[in-house]
Each structure stands twice: as structure tokens, then as C-alpha cells.
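Each chain gets a letter, A, B and so on, in the order the sequences are listed, and its residues count up from 1. Computed over heavy atoms, backbone and side chain alike; hydrogens, waters and symmetry mates excluded.
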There are 2 protein chains.
Amino acid sequence: MARKRTKPGKIRLTEVAKLAGVSPITASRFFRTPEALSINKRVRVESAARELGYVPNLAARALASQRTEVIGVLIPSLTNNVFSDVLRGIYDAVDGSRYTIQLANTRYSILQEEKLLRVFLAQKPAGLIVTGIDQTPESRSMMEATDCPVVQLMEIGDNPVDMMIGFSHADACHAAISHLLDQGCRRVGFLGARMDPRVQRRFLGYQQAMKDAGLLDPRLIVTTPLPTSVTLGGTLFADLLAKAPDTDAVFCANDDLALGVLFECQRRQISVPEQMLISGFNDLEFMASAVPTLTSVRTNRYEMGRTAATMVIEAMDGRRPEQKVVDLGYTVMVRQSSVRPGHAGRVSAERQRAAE
Amino acid sequence: MARKRTKPGKIRLTEVAKLAGVSPITASRFFRTPEALSINKRVRVESAARELGYVPNLAARALASQRTEVIGVLIPSLTNNVFSDVLRGIYDAVDGSRYTIQLANTRYSILQEEKLLRVFLAQKPAGLIVTGIDQTPESRSMMEATDCPVVQLMEIGDNPVDMMIGFSHADACHAAISHLLDQGCRRVGFLGARMDPRVQRRFLGYQQAMKDAGLLDPRLIVTTPLPTSVTLGGTLFADLLAKAPDTDAVFCANDDLALGVLFECQRRQISVPEQMLISGFNDLEFMASAVPTLTSVRTNRYEMGRTAATMVIEAMDGRRPEQKVVDLGYTVMVRQSSVRPGHAGRVSAERQRAAE
DNA sequence: AGAACTATTGACAGCGCTACCAAGCCGCGG
DNA sequence: CCGCGGCTTGGTAGCGCTGTCAATAGTTCT
């Protein structure tokens with residue numbers, strides 16, 4: 001006995017087609033390839049759909065067409081401000097397109113990332129955006145095997161799975177350190193939290209710059225696996241001063257840490273920049289507002305997310321981008337906290353290295 | 001002529017059933033109601049699924065079962081730190097369950113919210129989490145008509161659509177203002193950005209407290225529709241001082257603004273708390289780290305997101321919570337910035353009003 | 001022993017949409 | 001006048017899974 005499973009009030013494509021006086025398949029085409037319809041039918045289907053308030057059933061569409069309109073996004077953290085900017089860019093780019101975002105959090109674990117990737121790919125996503133370039137070999141081969149566009153985000157490297165957008169963390173950090181050295185600093189400390197791959201690469205940039213200047217000293221380095229915070233900045237800075245009391249500048253791998261250092265300096269009556277220069281990384285909004293204003297390295301996070309999503313969408317629509325690797329560059333925003341009084345160099349000068 | 005559409009390598013439920021030596025429907029039940037299977041078959045299906053690396057096709061499941069395992073989440077902003085905490089809670093709660101999150105951004109527009117709601121509901125979500133209690137009448141009736149659990153987040157009010165979790169913004173703000181008045185302040189300014197419904201309710205709490213004390217004065221109030229930022233805090237504070245130079249305390253509807261006020265005080269050589277008391281709202285991490293430490297109102301955002309998602313999941317599993325409205329309360333975190341020197345009252349005292 | 005249950009398992013028929021193929025229509029060239 | 005090719009439209013047959021009902025096996029009760 002066949003039972004009635006279809007609720008009477010529900011509006012399916014069939015209802016729209018009936019009202020428009022066309023076959024269901026023609027109505028279906030209206031939503032996929034409207035340009036293949038004659039003007040006449042196009043108008044009729046459109047008004048019928050509007051009149052009935054038709055909303056397509058995505059599950060049925062996905063099942064029948066063997067693909068979804070979902071872009072999977074894997075990011076390591078929801079807490080970190082850095083990613084909220086990236087996400088905003090992604091969501092803005094997707095907004096208005098027919099695609100939707102499926103977001104998942106790897107918690108900085110590449111094994112967790114691999115697991116999520118497996119689940120995502122089983123649902124045949126339309127596209128994929130992943131963070132960073134350090135995936136497990138297993139993840140990598142999964143991404144290479146899939147036929148949907150993939151963007152690696154936040155960094156650039158030699159071996160893109162498909163597309164890539166970001167900047168060189170090592171170079172960006174190197175530029176900031178060079179600026180501090182230009183100011184005459186000799187004992188430049190490094191504070192790093194979490195020590196994820198991107199912070200590691202900034203650390204490499206620091207080490208290179210210090211080594212080139214013959215100033216590298218392990219006592220100047222304080223790192224921790226703990227997640228970044230303002231309070232932690234103060235703590236790490238205290239550790240640094242304990243190890244190297246003659247520190248004359250601090251580079252912080254995150255702006256949170258830099259703000260914490262500034263507060264700790266205020267607490268200890270260390271005047272910035274007279275006795276201590278400070279630079280952060282990321283250029284969060286508050287850096288330009290602090291007293292003194294804080295130097296940082298501006299990275300184009302919103303732009304990064306936006307472009308990544310746009311690249312995926314364009315690739316899905318068959319328009320592969322002309323360049324698969326996009327370097328968004330960075331800008332050292334020189335502010336009061338890193339300019340030696342009386343030293344040549346004016347505040348708010350910028351050292352930029354954008355993609356050419 | 002029937003064509004082959006099924007790719008040969010693909011693993012469907014049928015393949016798992018075949019390997020396990022059971023019918024497809026039995027295999028299907030293994031994934032939905034394993035306790036209905038005999039131990040014997042349960043083990044066989046499990047090992048067959050694992051051996052083949054079977055991953056269910058969610059689109060087919062959704063189509064056949066007429067429901068999804070997606071929880072729709074509508075938040076007004078991705079930028080605001082407040083929501084990243086809430087989101088983290090939601091994702092943490094969902095993690096490990098069989099549900100997934102579909103996130104969308106209303107950009108503080110209830111019309112946009114209504115539009116998104118319409119799209120979400122057409123896909124028959126398993127549950128829904130929306131921000132605030134100010135929806136359009138249209139949105140409200142859609143949410144009432146749906147049979148999935150709905151949680152309203154961030155606030156509590158009289159008329160829940162279904163479930164509700166949050167706290168009273170008016171009361172929380174009122175408590176902070178009372179604390180400032182207790183410190184002997186008479187000219188307490190109010191700075192507000194964005195002025196979304198929740199900030200509006202904090203504003204009401206401020207007005208009530210000031211009116212009760214006979215101290216309400218429009219010159220003490222500076223608001224703007226612009227989104228909050230640290231820099232904006234400085235600007236609004238400058239405006240306030242221009243209108244009311246005798247201001248002796250500032251309540252900021254967001255912590256960003258409070259930090260901006262602190263920096264502006266430093267710039268103008270106004271000493272905190274000697275000449276100016278400051279309180280923020282939300283208790284972001286940096287507040288406890290600033291110099292002086294900044295008073296704020298702690299709200300349990302992570303907990304809010306986590307509980308909301310848990311409530312939805314439990315409701316979906318048939319366990320409706322005992323209470324549909326959960327008040328998570330707040331805590332006034334009294335710190336250096338709001339304690340008059342020499343005044344009775346010690347730093348880090350807390351004024352709490354948690355749910356009883 | 002027979003009836004009345006309960007616990008397991010299976011068969012069938014879709015869910016709403018789209019891929020694939022085929023057919024109808026038109027104008028044009030041979 | 002016929003046939004060809006491009007443009008539009010329609011028919012058929014699933015996509016992979018689950019809701020419903022029925023059937024079978026195993027148990028308990030009277």
C-alpha cells in the first residue's frame with residue numbers, strides 16, 4: 001500500500017512547473033541555466049516561483065546532481081581575532097552567491113584536520129579552504145585526489161595543492177626585526193605563544209635577521225605552547241627580563257602579547273620607547289590607539305579571506321584564476337613604540353612588501 | 001535505456017550490507033538505532049563499514065528522512081569578539097555529536113535575519129539558534145510554526161519562542177552604574193556604539209540607575225551607530241568631555257570603548273581612577289591586564305553558546321530541558337579603574353547576580 | 001499447549017531533484 | 001521539397017537513503 005508521505009502544502013518544483021504551464025524539467029533548468037530558456041518561459045517560471053514562495057530542496061538537488069554548493073572551511077581557532085577577520089572576508093565573498101560555508105575548527109591539530117577533511121570530502125563539497133601549508137601526507141593526497149578547487153590560506157609556499165593565498169611570515173617578521181635593528185637596538189627579544197606553524201615561521205625570520213646581524217642569543221627568546229593573550233604577554237615579558245635584563249626591544253609574534261608587554265612596562269615604570277622598543281604582529285585595531293601607539297606588521301586578513309573565497313567560486317564556475325599563488329604581502333606599520341627618540345626615522349613610516 | 005550513473009568504486013550502504021551479509025535496511029538501522037539490532041549483526045555491520053571506509057551520504061539521508069542534522073545559527077556579527085566566544089561554545093558543544101552548524105551573519109539587520117530564516121527553515125534544520133529577542137513579526141511566526149527546537153541567545157525576556165538563554169543587559173548595566181555611584185561619582189557618562197538592541201537595554205539600565213539617583217543628564221550621554229572599536233572609545237570620550245567637562249566616571253557599553261577611554265586619559269594626563277573612573281562591559285581578557293586594571297561586567301558568553309547548543313541537541317533527542325528560560329547572570333568585576341582612592345571598597349570585590 | 005507478546009529483520013516505495021537522451025520546431029542550403 | 005543543424009523542451013530513470021508496514025523468530029503467560 002502506497003502511503004501519502006508528501007505533505008499537501010509543500011511547494012515543490014512540480015507545483016511551480018504546473019503553475020507556469022511547463023514541465024518540471026524546464027522549471028528546473030530555470031534555476032540552473034536560465035539562459036537556455038526562451039524569454040517567455042523564463043518569465044513564467046520566475047513569476048510562478050515567486051508567487052508560490054518556492055525554495056529549492058538542497059538535499060534533493062545534491063543527491064540528484066552528485067554535488068553540493070557547500071564550501072568547506074577549516075580554520076585552527078575561533079578565538080583568535082586573526083581568523084575572525086579572515087572569516088568575515090570569506091562570508092562576505094560568499095554572500096549573494098549560491099554557495100554556503102561549512103566551517104570547522106581544527107584546534108591547531110593536523111590530525112583533527114585530516115579527520116574533518118575526510119568527512120568534508122565524503123560530502124563532495126564544491127570547494128575547500130584550508131589554513132596553512134602543513135597538512136599530513138594523508139590530508140595532502142586527499143586534497144590532491146579531489147576534483148574540487150582547494151585554496152590554502154594564510155601562508156605561501158612552494159608546493160600548492162591547488163591555489164594558495166597569503167604572505168611570507170618569515171619575511172614579514174624579518175622586516176619588523178630589521179626595522180628594530182635599524183633603530184639601533186642590539187638586544188631584541190622574541191616572544192611567541194602557541195607556536196603554531198605560522199608563528200614558527202615568524203620565529204625563523206627573527207632568527208635569520210638576528211643571525212645576519214651577529215646578534216642572535218638564546219637568552220632573548222621566550223616561547224610557550226599556551227594560547228596567546230594580553231596577560232600572557234606580560235608574563236612572557238617578565239620571563240624575558242629575568243633572562244636578559246639588558247633587552248632593549250621586544251618583538252611579539254602577536255599583538256595581544258605586545259599589548260601585554262606595554263602594560264607590563266607601565267607597571268614596571270619602563271618607558272616606551274625611551275627604554276624599550278616594542279613591535280607586535282597582525283596590526284589589530286587597538287595597536288594604533290594605544291599610548292604610545294604600537295608598531296605592528298599589517299597583514300591583509302580580510303582581503304585574504306575574501307580573495308580565497310572568490311578564487312574558489314571562480315574556479316568552480318570554470319574560470320580558473322590566472323595565478324594560482326597570490327602573495328598579499330605585508331606592511332610594517334612603524335609607530336611610536338619602535339622609534340628611538342632622536343633617532344633618524346619618523347613615526348608612521350611604512351616598510352612595505354606587497355605582491356608585485 | 002538505463003545508463004550507469006553510479007561510479008563503480010563508490011561505497012554505499014548496499015555495499016556495506018552485502019559485506020556484512022544483511023539487508024540494506026538493517027545496515028541503515030545500525031547507524032540510526034544500533035540498540036535495535038542484535039549484538040551479532042551490530043558487530044558485523046560495524047566491521048564491514050569500517051573495512052570499507054563507509055561514510056553516509058548526508059544528502060540522501062536528508063532527502064529520505066525529511067530532516068537534516070544541521071543546526072542553524074544566526075548571529076549579527078563575526079567581527080565582534082563577543083560572538084566569537086559564543087560561537088566557540090556552540091562549536092564545542094556540537095563537536096562530537098552528529099550535528100553540524102550552519103552559520104549565517106545577519107549584520108545586525110532583522111530583515112536580513114528574516115531572509116536567512118526563510119532559507120534555513122526551508123531546509124528543515126534540526127534546530128535553530130538566533131541572537132536576541134527582537135525579531136520581525138514575520139520571523140517570529142516562522143519560528144513558532146516550525147517544529148524544531150529554537151533557542152534565543154544573549155538576552156532573556158518574557159516571551160520566548162521556545163527556549164531562551166542569556167541575562168538581563170539592563171540589570172547588568174544597572175549594577176555597574178550602582179557600583180560607580182557607590183564610589184561617590186555623580187557625573188557618570190555613558191558611551192555606546194552600534195546601539196543594537198542589547199546596547200539599547202544596557203542604556204536603559206544606565207538611565208534607570210541615574211534617574212533613581214536623580215542624576216540623569218543628557219549631556220552625559222554619547223552614542224553612535226558606528227561599530228565599536230578602541231579608537232572610537234577615545235573619540236566618544238573626547239566628545240563626552242567636550243559636552244560635560246565635569247564628568248567623573250564613564251560607563252562604556254563595550255570593553256573596546258573602555259580601553260580607548262583609558263588610552264585617551266593617558267593621552268590627556270587624566271589619571272585613572274584619581275580623576276576619572278572607568279567601567280566597561282563584557283569583561284574581555286585584556287581588562288584584567290590593563291594599567292590600571294579595568295572594571296567590567298563579566299558575562300558568560302562561552303557558557304551561553306555551549307548551553308544553547310546543548311539545549312537544542314537535548315531537545316532534538318527528545319529530552320526537553322526542565323527550564324526553557326535560563327538566566328546565566330553576570331558579575332561586576334570591580335578593579336582598580338573604578339575604585340576611588342581612599343574610598344571604602346576594595347578592588348576585585350565582585351557584585352554578582354547569577355541565576356538562582 | 002496455545003495465545004499473546006516482544007525483539008529482529010526485511011520488502012517496498014518513494015523523498016525532490018537532475019543527468020541523459022530524444023524529440024519537436026525552425027530556418028536554410030542543396 | 002528534403003534534410004541538416006541549432007535551439008528549446010520534454011520523458012525517463014534514477015541519486016542513496018529511510019518511513020512504513022509486514023513477517024519471522026523467540027519468549028512469556030495462562
Please check the phosphate of [N] (OP1 and OP2 only) for any side-chain N or O of [X] closer than 4.0 Å.
| X | N | value |
| --- | --- | --- |
| A/Y54 | C/dG16 | no |
| A/T26 | D/dG10 | yes |
| B/S38 | C/dT9 | yes |
| B/R67 | D/dG19 | yes |

Please report, rounded to the nearest Å, how far the [atom2] atom of [N] is from the [atom1] atom of [X].
| X | N | atom1 | atom2 | value |
| --- | --- | --- | --- | --- |
| B/R42 | C/dT8 | CZ | P | 8 Å |
| B/F30 | C/dT8 | CZ | C1' | 16 Å |
| B/K18 | D/dC17 | NZ | P | 13 Å |
| B/Q66 | C/dA13 | CD | P | 19 Å |
| A/L52 | C/dG16 | CG | C1' | 15 Å |
| A/L13 | C/dC15 | CG | C1' | 14 Å |
| B/L37 | D/dA25 | CG | C1' | 16 Å |
| B/L58 | D/dG16 | CG | P | 13 Å |

Quick check for you: among [options], whose closest atom lies nearest to any side-chain atom of [X]?
| X | options | value |
| --- | --- | --- |
| A/R61 | D/dG10, C/dG16, C/dT18 | C/dT18 |
| B/A60 | C/dG16, D/dT9, D/dC17 | D/dC17 |
| A/K41 | D/dG10, C/dA11, D/dT18 | D/dG10 |
| B/S65 | C/dC17, C/dG10, D/dT18 | D/dT18 |
| A/R12 | C/dC15, C/dG16, C/dG10 | C/dG16 |
| B/A64 | C/dA11, D/dT9, D/dC17 | D/dC17 |
| B/I25 | D/dT9, C/dT9, C/dA11 | C/dA11 |
| B/S28 | D/dG16, D/dT18, C/dA11 | D/dT18 |

Give a yes-or-no answer on whether the side chains of A/R32 and A/S28 include a donor-acceptor pair shorter than 3.5 Å.
yes

I'd like to know if the side chain of B/Q102 pairs up with that of B/Q123 as donor and acceptor (distance under 3.5 Å, no hydrogens or angles considered).
no

Quiz question: going by heavy-atom distance under 3.5 Å, is there a donor-acceptor pair between the base of D/dG19 and the side chain of B/R29?
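No, no donor-acceptor pair under 3.5 Å.
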
Any N or O donor-acceptor pair linking the side chain of B/R32 to the base of D/dG19 at under 3.5 Å?
no

Between the CE atom in A/M311 and the CE atom in A/M164, the distance rounded to the nearest 0.5 Å is 10.0 Å

Is the shortest side-chain N to carboxylate O distance from A/D92 to B/R107 below 4.0 Å?
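Between B/R107 and A/D92 there is a salt bridge, with a charged N closer than 4.0 Å to a carboxylate O.
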
Determine, using ring centers only, whether A/F30 and A/Y54 are less than 6.0 Å apart.
no

Heavy atoms of other groups near A/N40 CG, more than 12 under 6.0 Å
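More than 12 within 6.0 Å, yes.
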
In terms of the nearest nucleotide of DNA chain C, which residue is placed more toward the 5' end: B/N40 or A/L63?
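Result of the comparison: B/N40.
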
